[in-house]
Amino acid sequence: MLNTIAAFDRIGEENAFAVLARATALAAQGRDIINLGIGQPDFRTPEHIVEAAIKALKDGHHGYTPATGILPLREAVAADLHKRYGVSVSPDEVMIMPGGKPTMFMSILMFGEPGAEILYPDPGFPIYRSMIEFTGAKPVPIPIREENGFAFSAEETLGLITDKTRLIIINSPANPTGGVTPKAEVDKFVAGLEKWPNVAVMSDEIYDQMTYDGEKHVCLLSYPSIRDRLILLNGWSKTYAMTGWRLGYAVFPGKLYDYARKLAVNLHSCVNAPTQFAGLAALTGPQDAVRAMVAEFDKRRKVVVEGLNKLEGVSCIMPKGAFYAFPNIKKTGWKAKPLANALLDETGVALIGGPDFGVLGEGYLRLSYANSTENIVKALGRMGDFLAKRKAAE
Ligand code: PLP
């Protein structure tokens, strides 16, 4: 039952926002804070995208748009998916959303109910579990393991499916680990799903353009056998440094599309019009800013990982995607959340404790390297001094 206070009491949060608020408050008190906590690019939205929004406002795009988004934008999304992955998607399957989160919100609402089971990655984006619990469904964690390069295991995931499973959430490249699941593993996963025709999949591909070392993103839309039960989540937030604009899209199959359209009509009516024009400019305009940003993240990724591996008791595998490092801190003797708190209070470095992403996140920290190399190096220095001192004091 959704409309009970108990359901609302089960809604979780995203601690990255709480850490951001705390870091901002400390900075306002004059503390020198380096924020490696929040998952958003430290770049400005490219100028031509900003200009397109200004132009849309000046041209008088001030009213409602269709709930599913303006047609040119839905067409541009379909064309972009075709160009990048060779998949054919109709603009009528594309729905423009106010960010990536509403797609997970709606999808989990569609499938979650008491008695149902929903599989989700642990550690993983905290909103998955929060929303599953809200619906009264049983959250079933898919363990995401360091020894597996933080990829999900097809065999393990398939082994968790029961006749109560309604939805499986997967996320690659992944938050918080930076893990990328290789194509062979995704192939195995999709093949195994043939035995479970009633199980839907939501693939969160918000970091699809952020892969490194020549790793090619595998878009789940490329598997015809699950197209009729696949929901794709993607958006502009990360790729085009547009987190504050609130712009995302979903590809919904069959009648789920109409359910989502109705939910949108009930919830937000439509995404604000100038933002949709900005999104159109992003997809149809030059992509060099995206490439430059990813190249910069790639450089920082190496600095972060190399630096983390030099810290006392810390080890970190090289993430293959997104802009997060997920170092193992088990040998420091600290639990993750107390360490994250102590690092913020005592050294001014904001980062997130792994348990904020699920129970299997214990023993890890998440660092977002969406910050300058200079700040990253400074933060690693402070962390190193802190850990060495704390060790010496023991
Ligand atoms: N999915 C994942 C895995 C994310 O990390 C995030 C944001 O951090 C989102 C979805 C939500 O994106 P948006 O800000 O567009 O709602």
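One-based numbering, in listed order, for ligands and for the atoms of each.
- Counting only residues at least two apart or on different chains, the side chain to side chain donor-acceptor pair (under 3.5 Å) pairs with a member in residues 273-286 are T65-Q276, N272-T275.
- When the shell of 6.0 Å around OH of Y259 is examined, it contains 12 or fewer heavy atoms from other residues, nucleotides or ligands.
- Classification of K55 and E51 as a salt-bridged pair fails, no side-chain N sitting under 4.0 Å from a carboxylate O.
- N371 and N35 are not linked by any side-chain donor-acceptor pair at a separation below 3.5 angstrom, with hydrogens and angles left out of the test.
- For ligand 1, the 4.0 Å heavy-atom shell takes in G99, G100, K101, M104, F125, Y128, N171, N175, D204, I206, Y207, S237, K238, R246, ordered by chain and residue number.
- A donor-acceptor pair shorter than 3.5 Å can be found between the side chains of E117 and T162.
- A side-chain donor-acceptor contact under 3.5 Å links W245 and T45.
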